[in-house]
Enquirer: 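Quick one: the structure is below, and I'll ask about it shortly.
Residue numbers start from 1 in every chain, and the chains themselves are labelled A, B, ... in the order their sequence lines are given, proteins ahead of strands.
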There are 4 protein chains.
Amino acid sequence: MLIVMKPQATEEDVRRVCRKIESMGYRPHPMPGAQRTAIGITGNPGPLEPAEFDTLPGVAEAIRVSKPYKLVSREVKNEDSVIRVKACPERSEGVGDSKDSFVTFGGRELAVIAGPCAIESREQAFAAAEKVRKAGALLFRGGAFKPRTSPYSFQGLGEEGLKILADIRRQFGLAIVTETIDPENCDLVEQYADVLQVGARNMQNFSLLKRVGRSPKPVLLKRGMSATLEEFLMAAEYILSEGNYSVILCERGVRTFADHTRNTLDLSVIPAVKHLSHLPIIVDPSHGTGRRDKVTPLARAAVAAGADGLIVEVHADPDRALSDGYQSLFPDQFAELMAEIAAIAGVLGRTTAQATTGVRGSGLGVRG
Amino acid sequence: MLIVMKPQATEEDVRRVCRKIESMGYRPHPMPGAQRTAIGITGNPGPLEPAEFDTLPGVAEAIRVSKPYKLVSREVKNEDSVIRVKACPERSEGVGDSKDSFVTFGGRELAVIAGPCAIESREQAFAAAEKVRKAGALLFRGGAFKPRTSPYSFQGLGEEGLKILADIRRQFGLAIVTETIDPENCDLVEQYADVLQVGARNMQNFSLLKRVGRSPKPVLLKRGMSATLEEFLMAAEYILSEGNYSVILCERGVRTFADHTRNTLDLSVIPAVKHLSHLPIIVDPSHGTGRRDKVTPLARAAVAAGADGLIVEVHADPDRALSDGYQSLFPDQFAELMAEIAAIAGVLGRTTAQATTGVRGSGLGVRG
Amino acid sequence: MLIVMKPQATEEDVRRVCRKIESMGYRPHPMPGAQRTAIGITGNPGPLEPAEFDTLPGVAEAIRVSKPYKLVSREVKNEDSVIRVKACPERSEGVGDSKDSFVTFGGRELAVIAGPCAIESREQAFAAAEKVRKAGALLFRGGAFKPRTSPYSFQGLGEEGLKILADIRRQFGLAIVTETIDPENCDLVEQYADVLQVGARNMQNFSLLKRVGRSPKPVLLKRGMSATLEEFLMAAEYILSEGNYSVILCERGVRTFADHTRNTLDLSVIPAVKHLSHLPIIVDPSHGTGRRDKVTPLARAAVAAGADGLIVEVHADPDRALSDGYQSLFPDQFAELMAEIAAIAGVLGRTTAQATTGVRGSGLGVRG
Amino acid sequence: MLIVMKPQATEEDVRRVCRKIESMGYRPHPMPGAQRTAIGITGNPGPLEPAEFDTLPGVAEAIRVSKPYKLVSREVKNEDSVIRVKACPERSEGVGDSKDSFVTFGGRELAVIAGPCAIESREQAFAAAEKVRKAGALLFRGGAFKPRTSPYSFQGLGEEGLKILADIRRQFGLAIVTETIDPENCDLVEQYADVLQVGARNMQNFSLLKRVGRSPKPVLLKRGMSATLEEFLMAAEYILSEGNYSVILCERGVRTFADHTRNTLDLSVIPAVKHLSHLPIIVDPSHGTGRRDKVTPLARAAVAAGADGLIVEVHADPDRALSDGYQSLFPDQFAELMAEIAAIAGVLGRTTAQATTGVRGSGLGVRG
């Protein structure tokens, strides 16, 4: 059920509808839009009676949602969500946190997240951060907690890695994107991260989805290795249903019979997501191909297909990386990639993100 | 690295080798066999020097393990692991827990786990339990915590469901197999379950794998929807590497293009697992096909292919099930299935499990 | 459209309906059953008017067929088709062709086809034939024309291979199953083969399907590597629509991400085919697994799942085979397999085929 | 084996090496390059002795080819093959055939093939041809022989369709790309087509591959629905090994579990092909997605990933198309697509093809 408010509805009208929903034992999800606010309802065991709502002041109509997902659907919110993440346009030691500047996902600008697979040491992380910042990226990736296929592989530096990431934010003004691997771990990671990453293997770890759904931090949700589009959107719905509307979807390749790449990057999911959902979607060409020489062509392709951004593995010295070195770009390759995607973004009337100061985004899914 | 002891090695010889391994900062995993004990080593960053060990008393040889998985491998333990779970051969109200009788996975007998997808109510659960017990099953399945694709679907009764399961054990003498969905939740579930189930979506939830690896209860590990055999065995390795050697693998279908079943049941994984690992493997023909009329033919096929058991959804009234009703067998169908697989088991020189009393299994992976 | 005749309809009634259909420019397909005859219609551009037929003498009713496939559907013919192929129960040099004995596909008996991947020489072929005959197989497989991934691989002996096969029939009384690779090639192959095999790569080679559809010989149609069930049945429909109703379906594994076998054998397709179609279905565990040690377990599983037979690669000296040696059974392994499947067939109330003499099958899809 | 000639080798030197190869019973494949000629050898049962060749005049070295494919490999011919097809830059009724102008695949220019799925009538075909010509396409697609999943679906107009295509070439100066479905059918189709298309379902129809390998016309080879990269290149190798080096590869989506598109378009195969082979590769976003609204985003992505061209379904009135209407673009959408890919081509230093007059391409794979 979705309650669509009239354009002239007041904040009190919206609050009244929300109270009504709560009094019935359900949960209201007000989603303000440019023209008007819609209020999603979750927690109801079956269809509700429109008559309960359409006589309340300010209500335009009460309509049924036809998809299994609700809050992520364009039926509930037609305009694109724009997710804002704090980032600094210029290196500004110590000043970074105080300035009110943002990089956005889902707007006109493409957002590029870059960095090594794992934080291995302060030196390695700083070397990568310097390179990606110089090439124009405003968000830094790097795993402190690494889900690895083998229990005997390097599992990340843990909190020490998070501290290094915090220092990188301070030093380079880069926003930090890093993975959280279970609900308890999230308590720690959200103290350090600007964006919480949920990995592909955890796309249906519903306990974790609920936990990040209660976090104030935006969430980067990677598509599972064999997730259908509906499962992908339902995983996002878990997060929104807990109250966190700042979800960035990420295509990272699916598992098929094809053996010339590590995964098969499914770029058709970009227009498919755009058609059904208001959420932004970015692409990970590094895991999506698993081979360094294919990262740049597929990164260009992702942008041309309409992706809202990229997440790319860059290592200052890929041949010595403790994980995924063979798919990490050399810094020079990354700088070239940034130039190429900027040009393709231009063809689509977009730009690559330059952090902007002080302007509040108008989208309703936006958070600081 | 694997330290193979001489047949005549004493317990003190084994302990001495373990202490030596610990003193090097690694973890010893003694795996007693019918003829002799082998000691796996984990935690070492690279190959160890055989000379460190082969002069110690009782050591036959120190050999390198060639596979990425170690403790699950036949290289480390050649004979089949037999996992024992307490169960009562006869309905024995109140006496169930005190009697020392067991059902086994991985031995000559097939173990059949049956019951509804989810525990919906005491009545529903008891009705199913009575039927499956009557048909000869000794283990009861039923979810109290259900991982569901949609946040708005029935998520299980929670602890109330666990209590119903405990009553079913008491009432019917059935051993309880139920799912745990995250590390914290495991604290609760292991108080009630006889076997902890890790679902397909959590096969690479490494935090959960480590947690059940520290549990005294056997673990039923379902293969992920797109897991390769190596990933499947590595997930089991996570559990064994924490010290819990009682792992039962479960094939439940993989995701392919084929659309005549919900998943494609991959029975070839049974001989493949048997070739590489000493762990038992059972099959879930209910999720593996997703269609009631295909459950029995595929259950027969699983047993013919060499599976060590089955886990089957049975509901006393499938048409009213809150989840997965279309793939649940009617009680009569289940009784027929039990008869058919008993006959096929006979062809392979096996039997369907009858709980046995008091005999301690000789396998080393065995736990009470 | 399907015209169902009354049980007491005369042959003339059937002919009259057929003439009526022809006069409308369409093609009649009379399918006699145990109780009554049904007449399928193909060639009509859209739905026909039942009134055109249901007033003709002997017509019970004219009904619409709801599936995209018609002639292969159980809607058109409810009882199982039983395909008969001439074979000799005993070695009978020179006498083989004159005796009127048959092996059947789709009845109570399982049919086993065995032999090498390719005919490499007279010696190799005769050695294999002797072994498989001795173990109880009544049909011999062996490629004279081999579709190979590489143009530089051994492509078969061609007509010389066919002549060797003819000699094997004469010498051992084995019926010959061999592959035809294009319409022109079929002119030659059908002179030698008892059953024409259409390979997986040619499952949607519609020119070839139409050609074998005009052959008097039964056709063994292998499922394509990524064919859905509907595509598989539609490929069979091509053959039936040309007038050849003697089609034996064959599951041989589909292509998935799984890498522990060459293909993933999809045994659930057996009950799925049985549900929708009256055609028999057999299984190829050799290509279906691609690994010798998995052939026997999966052969047992196929029979347990309800397959009507098997096609198995057996080579007298697998290590020297020019193709697919690693998946060919040794003769002793094959003899064991025959014993095991006979036992499992018994559980299902079936037997392994012993050629029977002189009895005409009652099924309507039957041809000599 | 590959014989690399010295830059200064004469034509007579090349002929001498070819005669030597023929005298050994093998087949020489001279592949002239910008710097020097290489001569591939096929038909040899095993490795040859380099000493047989490296003393002949003009021979630089004799080297072994390490891949299973030879003639398609960059080992044999390092520079990109450029395939030329006659086309007219301007509408030129009747004059088209006499002018010596070409569109190329594999050079700096992108080639766009457009038109309806099937030729349904002269009016329909001409309406589409006019639209695609106006939007800038120089090659026209349209099936006269259609491989259809159902024997009861429209199978194309046959030779009548080919005649319509010939008239379209005359009328609009468009080069004709149309499918051939079996060896015999090829005799007819090659009289009308400028490029012979081999469909995905026939990618391993080796009889057809050999037949088009003996045709003087270039071949558009579509990737099979579940073909690995190696199988795809081996299929092309069949064509080259018969002497036709003008092969254009085409990615058209592969079959996976994903259900939001008809197939999953695998754009990573573009850089993968470019790495291993000198052959051009284009993309079919129409079959690759199966949904009209995804064609343009994926067409842009294909060009951004480095494709040498596109093949796109355009219908003047898609809602009335007899096949694949839901994936055919409206003419206006196609015009927009042409503008967008031209812009993206520009970013990569490429252009969309404008037929060029009279210049002979320098590539060795080139044919008139």
Enquirer: Write out the donor-acceptor pairs between chain D and chain C under 3.5 angstrom, atom names and distance to 0.1.
Expert:
{"from": "Arg148(D)", "atom 1": "O", "to": "Tyr238(C)", "atom 2": "OH", "distance (Å)": "2.5"}
{"from": "Ser150(D)", "atom 1": "O", "to": "Tyr238(C)", "atom 2": "OH", "distance (Å)": "3.3"}
{"from": "Tyr152(D)", "atom 1": "OH", "to": "Glu237(C)", "atom 2": "OE2", "distance (Å)": "2.4"}
{"from": "Gln155(D)", "atom 1": "OE1", "to": "Lys210(C)", "atom 2": "NZ", "distance (Å)": "3.4"}
{"from": "Gln155(D)", "atom 1": "NE2", "to": "Tyr238(C)", "atom 2": "OH", "distance (Å)": "3.1"}
{"from": "Asp182(D)", "atom 1": "OD2", "to": "Ser207(C)", "atom 2": "OG", "distance (Å)": "2.6"}
{"from": "Arg201(D)", "atom 1": "NE", "to": "Gln204(C)", "atom 2": "OE1", "distance (Å)": "2.7"}
{"from": "Gln204(D)", "atom 1": "OE1", "to": "Arg201(C)", "atom 2": "NE", "distance (Å)": "2.7"}
{"from": "Ser207(D)", "atom 1": "OG", "to": "Asp182(C)", "atom 2": "OD2", "distance (Å)": "2.6"}
{"from": "Lys210(D)", "atom 1": "NZ", "to": "Gln155(C)", "atom 2": "OE1", "distance (Å)": "3.4"}
{"from": "Ser226(D)", "atom 1": "O", "to": "Arg255(C)", "atom 2": "NH1", "distance (Å)": "2.7"}
{"from": "Ser226(D)", "atom 1": "OG", "to": "Ser226(C)", "atom 2": "OG", "distance (Å)": "3.2"}
{"from": "Glu231(D)", "atom 1": "OE1", "to": "Arg255(C)", "atom 2": "NH1", "distance (Å)": "2.6"}
{"from": "Glu231(D)", "atom 1": "OE2", "to": "Arg255(C)", "atom 2": "NH1", "distance (Å)": "3.2"}
{"from": "Glu231(D)", "atom 1": "OE2", "to": "Arg255(C)", "atom 2": "NH2", "distance (Å)": "2.8"}
{"from": "Glu237(D)", "atom 1": "OE2", "to": "Tyr152(C)", "atom 2": "OH", "distance (Å)": "2.4"}
{"from": "Tyr238(D)", "atom 1": "OH", "to": "Arg148(C)", "atom 2": "O", "distance (Å)": "2.5"}
{"from": "Tyr238(D)", "atom 1": "OH", "to": "Ser150(C)", "atom 2": "O", "distance (Å)": "3.3"}
{"from": "Tyr238(D)", "atom 1": "OH", "to": "Gln155(C)", "atom 2": "NE2", "distance (Å)": "3.2"}
{"from": "Arg255(D)", "atom 1": "NH1", "to": "Ser226(C)", "atom 2": "O", "distance (Å)": "2.7"}
{"from": "Arg255(D)", "atom 1": "NH1", "to": "Glu231(C)", "atom 2": "OE1", "distance (Å)": "2.6"}
{"from": "Arg255(D)", "atom 1": "NH1", "to": "Glu231(C)", "atom 2": "OE2", "distance (Å)": "3.2"}
{"from": "Arg255(D)", "atom 1": "NH2", "to": "Glu231(C)", "atom 2": "OE2", "distance (Å)": "2.8"}

Enquirer: Need one label for Pro68(D): side chain, backbone, both or neither, based on atoms under 4.5 Å from any heavy atom in chain C.
Expert: backbone
Enquirer: Taking side chain as everything from C-beta outward and backbone as N, CA, C, O, which of these in Ala236(C) sits under 4.5 Å from a heavy atom of chain D? Side chain, backbone, both or neither.
Expert: neither
